[in-house]
J.: 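My questions will all concern the structure given below.
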Amino acid sequence: MLKYYYIDDISKLQCGPFTSNELLRKNISPETIVWRSGMADWAEAGTLQELNFLFDTKAPVPQDRREEQQTPPPIRQQQDKQNPTYNSGQRYQYDDQHKWDGIIPMPKNWLIESILLTIFCCSPISLVGIFYAVKVETLYGKREYEASHEASRKAKLWTLWGIAFLPVIYMLLFILGLLAALLQY
């Protein structure tokens, strides 16, 4: 029985072994990198004729064949493709040192800080921080890294504004209280 391994498109981790019928439930795309025993190297799933049924609803599901189990070869990095890496500045740079798999770290989303500020300090401004904090993870999941970084920056800004908002309000309430007390006398 042929067993396939594939590289998950999101986590970039090797998964498997799976039969071709089990791959139906894995939602792999034609661009997903796969390997099976008998192959010299990893290849895109769309280039393997025996996996066309995964992407074409008219193709019949094949019967699995028996074959000796082998260990997949290590994943080779494609030299012609540059992968982004995160730089602490505003821009993303490409370099050979970080050619792992194109995944860059997700920026801090400030969600916990915004939620705690909203709950414990009743700061309405931090609600905008929550909005941007949720966008960070959503945009990162869509691989929109620049937009994710910008949403992180805005979430931080609104969260910090929410923190600064409280002392200003408390000072205004204190001054209004003093004025009300002075006007009563």
J.: Calculate, to the nearest 0.5 Å, the distance between atoms OG1 and CD1 belonging to T118 and I130 respectively.
T.: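 With rounding to 0.5 Å, OG1 (T118) is 3.5 Å from CD1 (I130).
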J.: Is any side-chain heavy atom of F53 closer than 4.5 Å to one of S20?
T.: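 Yes - at least one pair of side-chain heavy atoms lies under 4.5 Å apart.
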J.: How long is the span from the CG atom in D8 to the CG atom in N27, to the nearest 0.5 Å?
T.: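 Going from the CG atom of D8 to the CG atom of N27 covers 10.5 Å.
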J.: OH of Y5 to CG of L23: how many Å apart, nearest 0.5 Å?
T.: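 The OH atom of Y5 sits 12.0 Å away from the CG atom of L23.
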J.: Do M39 and L54 share a hydrophobic cluster, counting only Ile, Leu, Val, Met, Phe, Trp and Tyr and linking them when any side-chain heavy atoms are less than 4.5 Å apart?
T.: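 The answer is yes; both residues are in one hydrophobic cluster.
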J.: Check for a donor-acceptor pair, side chain of T47 on one end and backbone N or O of E44 on the other, with a separation under 3.5 Å.
T.: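 Checked: pair present.
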J.: Within the structure provided, determine whether C15 and I7 are in side-chain contact (heavy-atom separation under 4.5 Å).
T.: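 No, side chains not in contact.
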J.: Hey, are the side chains of K156 and L160 touching, using non-hydrogen atoms and a 4.5 Å cut-off?
T.: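 Counting from C-beta outward, K156 and L160 do come under 4.5 Å.
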J.: If you look at every heavy atom in I163 and P167, which pair is closest and at what distance?
T.: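 Looks like O-CD, 3.0 Å.
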J.: What heavy-atom pair brings E22 and P17 nearest, and what distance separates the two atoms?
T.: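 That would be OE1-O, 4.3 Å.
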J.: In the hydrophobic cluster built from side-chain contacts under 4.5 Å, what are the other members alongside L139?
T.: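 L139 clusters with nothing; isolated.
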J.: Does any non-hydrogen side-chain atom of K135 lie less than 4.5 Å from one of K154?
T.: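 They are not in side-chain contact.
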J.: In terms of hydrophobic clustering (I, L, V, M, F, W, Y; side-chain heavy atoms under 4.5 Å; direct or indirect links), are W161 and I119 co-clustered?
T.: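 Per the 4.5 Å side-chain linkage, W161 and I119 are not co-clustered.
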J.: Can L166 be reached from L116 by stepping across I, L, V, M, F, W or Y side chains whose heavy atoms are under 4.5 Å apart?
T.: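 No, L116 and L166 fall in different hydrophobic clusters.
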J.: Minimum heavy-atom separation for V136 and S148, please, with both atom names.
T.: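 Smallest interatomic distance, heavy atoms only, reads O-OG, 3.1 Å.
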J.: If every non-hydrogen atom of L117 is compared with every non-hydrogen atom of G162, which pair is closest and at what distance?
T.: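 Nearest heavy atoms, L117 then G162: CD2-C, 3.6 Å.
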J.: By ring pair (Phe, Tyr, Trp, His ring centres under 6.0 Å), which residues pair with F165, not counting sequence neighbours?
T.: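 Here no residue qualifies.
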J.: Throw together a table of side-chain donor-acceptor distances under 3.5 angstrom for residues 104-115, partners on residues two or more places apart or in other chains.
T.:
unit_1 : atom_1 : unit_2 : atom_2 : d
K108   : NZ     : E113   : OE2    : 2.8
N109   : OD1    : L111   : N      : 3.1
S114   : OG     : W110   : O      : 2.9
S114   : OG     : T159   : OG1    : 2.6

J.: Could you tell me whether the side chain of K142 reaches within less than 4.5 Å of the side chain of Y140, counting heavy atoms only?
T.: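 No, their side chains stay 4.5 Å or more apart.
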J.: Provide the closest heavy-atom pair for F55 versus A45 in the form atom of the first, atom of the second, distance.
T.: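 What the structure gives for the nearest pair is CZ-CB, 3.6 Å.
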J.: Hey, mind stepping through Q14 and W42 against side-chain contact (heavy atoms from CB on, under 4.5 Å) and telling me if it holds?
T.: CA-CA 11 Å; Q14 179 179 311; W42 294 82; 3.7 Å; yes
J.: Show the nearest heavy-atom pair for residues Y4 and T19, with the distance to one decimal.
T.: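 The pair with the smallest heavy-atom distance is CD1-C, 4.3 Å.
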J.: Counting the benzene-type ring for Trp, do F18 and Y6 have ring centres under 6.0 Å apart?
T.: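 Yes, the ring of F18 comes within the 6.0 Å limit of the ring of Y6, centre to centre.
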J.: Is there a path of hydrophobic side-chain contacts, each under 4.5 Å between heavy atoms, that joins I28 and L48?
T.: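 Shared cluster, yes.
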J.: For the atom pair CD1 (I169) and CE (M171), what is the distance rounded to the nearest 0.5 Å?
T.: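 That separation rounds to 11.5 Å.
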J.: Are W158 and L127 linked, directly or through intermediate hydrophobic residues, by side-chain heavy-atom contacts shorter than 4.5 Å (ILVMFWY only)?
T.: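 No, because L127 and W158 fall into different hydrophobic clusters, even though each may have its own neighbours under 4.5 Å.
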